[in-house]
Amino acid sequence: MCRHLAYLGPPRTVHDLLYAAPHSLHVQSWAPRHQRYGTVNADGFGVGWYPEGAAAPEPLRYRRAMPIWGDASFADAARAIRSGCVVAAVRDATVGFGSEESGAQPFRADRLLFSHNGAARDDQALLAGMAAPFPPDALDARAPVDSAPLFAQTVRTWRGTGDLAGALVSAVRRARELSAGRYNLLASDGDVIVGTTAGDTLYTLRGEGVWLASEPFDDGRGWRQVPENSVIVATREHTDVRPLG
């Protein structure tokens with residue numbers, strides 16, 4: 001499927017976060033090391049970030065329907081973009097879905113950035129059981145991909161409760177009721193990053209900032225694999241891992 005990452009910590013350039021490491025997200029687009037499904041992630045990419053110095057900022061976003069390695073202009077621009085919170089993904093489209101830009105993640109609504117690594121066996125069941133009512137001002141919930149109903153459910157719950165971890169857990173549990181699938185979700189509201197492990201790998205690294213990523217970017221720096229069927233919640237100060245249920 002896809003590879004994705006989230007970072008929270010001292011501001012760094014997007015180039016540093018996506019391109020600089022030996023096994024960065026950029027490299028994972030053509031040479032992933034821990035990907036169980038698919039071989040390359042060439043069906044689009046996206047990055048969302050929270051601008052520095054803005055009070056209660058809504059995230060900005062850049063998405064393309066092309067491989068990240070084919071967009072040299074963004075690689076240059078990324079050197080000038082700094083943020084203390086970033087969510088990014090490279091996409092391997094699920095069979096049956098196109099590679100148009102609307103399917104590239106992260107999705108966005110209000111302060112929320114959201115990414116799904118995985119696939120539903122019965123995407124029509126997810127659409128019927130989770131998409132409606134479409135959350136207002138969340139156009140990505142209507143994207144023609146199996147991730148969109150998961151995003152719709154997450155947005156509705158998060159807007160109602162303010163609990164991002166609870167919203168992701170709710171989305172995974174509801175999806176599992178409707179269809180077998182792989183539901184590794186990753187999201188942020190600018191203050192916390194949250195991930196679920198439901199069918200694929202997720203690793204975490206805490207040092208100068210905290211990372212959640214589909215796979216480590218380098219070796220020997222203390223990356224830890226999050227146990228299967230877990231939810232991980234990371235703030236700038238603490239990381240909590242608990243059963244997904």
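Residue indices begin at 1 and follow the sequence shown. Remember, it's a predicted structure, so these values are computed and weren't measured experimentally.
The six-membered or imidazole ring of Phe217 lies near that of Trp211, with a centre-to-centre distance under 6.0 Å.
Side chains of Trp223 and Asp218: a donor on one and an acceptor on the other come within 3.5 Å. Arg224 and Thr204 are not linked by any side-chain donor-acceptor pair at a separation below 3.5 angstrom, with hydrogens and angles left out of the test. Inspection of the Ser147 and Gln105 side chains reveals an N or O donor paired with an N or O acceptor under 3.5 Å.
With a 6.0 Å cutoff to the six-membered ring centre and a 45° limit on the axis angle, Arg12 counts as a cation-pi contact of Tyr7. For the pair Arg176 and Tyr183, the NZ or CZ position fails the cation-pi test of under 6.0 Å to the six-membered ring centre and within 45 degrees of the ring normal.
Across every non-hydrogen atom of Ser179 and Leu126, the tightest pair is CB-CD1, 3.7 Å. Between Thr201 and Asn184, the shortest heavy-atom contact is O-ND2, 3.3 Å. The minimum heavy-atom distance linking Arg156 with Met130 is given by the pair NH2-O, 2.5 Å. Shown here for Ala171 and Thr154, the closest heavy-atom pair between the two residues is CB-OG1, 3.5 Å. Closest of all the heavy-atom pairs between Ser214 and Asn117 is OG-ND2, 3.9 Å.
At least one side-chain heavy atom of Trp158 sits less than 4.5 Å from a side-chain heavy atom of Asp110. Side chains of Ile81 and Thr13 form no contact here, defined as non-hydrogen atoms less than 4.5 Å apart. Counting heavy atoms from C-beta on, the side chains of Val233 and Val192 come closer than 4.5 Å. In this structure, Cys85 and Ser188 have side chains that are in contact, with non-hydrogen atoms separated by less than 4.5 Å.
Comment: Arg61 engages Asp140 in a salt bridge, judged by a side-chain N to carboxylate O separation of less than 4.0 angstrom. Here Asp191 pairs with Arg111 in a salt bridge; the nearest charged N to carboxylate O distance falls below 4.0 Å. Salt bridge Arg3/Asp200: present, at least one basic N to carboxylate O contact under 4.0 Å. Between Arg91 and Asp43, no side-chain nitrogen of the basic residue sits less than 4.0 Å from a carboxylate oxygen of the acidic one, so the salt-bridge criterion is not met. With salt bridges taken as basic N to acidic carboxylate O contacts below 4.0 Å, one links Asp240 and Arg242.
Taking CD from Glu215 and OH from Tyr203, the interatomic distance works out to 8.0 Å, rounded to the nearest 0.5 Å. In this structure, CG in Leu150 is found 11.0 Å from OG in Ser115, a value given to the nearest 0.5 Å.
Residue-environment remark: CD (Glu177) exceeds the threshold of 12 foreign heavy atoms within 6.0 Å.
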Apply salt bridge (charged side-chain N to carboxylate O under 4.0 Å, His left out) to Arg33 and Asp219, showing your working.
CA-CA 12 Å; Arg33 298 191 298 169; Asp219 300 318; 3.3 Å; yes

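Of the options Val172, Val241, Leu244, a side chain to side chain contact (heavy atoms under 4.5 Å, CB included) to Val231 is made by Leu244 and by none of the others.
Residue Tyr50 is found in a hydrophobic cluster whose other members, listed by chain and number, are Val87, Leu113; membership requires side-chain heavy atoms under 4.5 Å apart, directly or through intermediates.
Ring geometry, Tyr19 versus His15: the interplanar angle falls under 30°, so the pair is classed parallel (tilted spans 30 to 60°). Relative ring orientation between Phe114 and Phe107 is described as parallel, the plane-to-plane angle staying below 30° on a 0-90° scale split at 30° and 60°.
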List, one per line, each side-chain donor-acceptor pair under 3.5 Å for residues 161-169, sequence neighbours excluded.
{"unit_1": "Thr161", "atom_1": "OG1", "unit_2": "Thr157", "atom_2": "O", "d": "2.9"}
{"unit_1": "Thr161", "atom_1": "OG1", "unit_2": "Asp163", "atom_2": "N", "d": "3.1"}
{"unit_1": "Asp163", "atom_1": "OD1", "unit_2": "Ala165", "atom_2": "N", "d": "3.3"}
{"unit_1": "Asp163", "atom_1": "OD1", "unit_2": "Gly166", "atom_2": "N", "d": "3.0"}

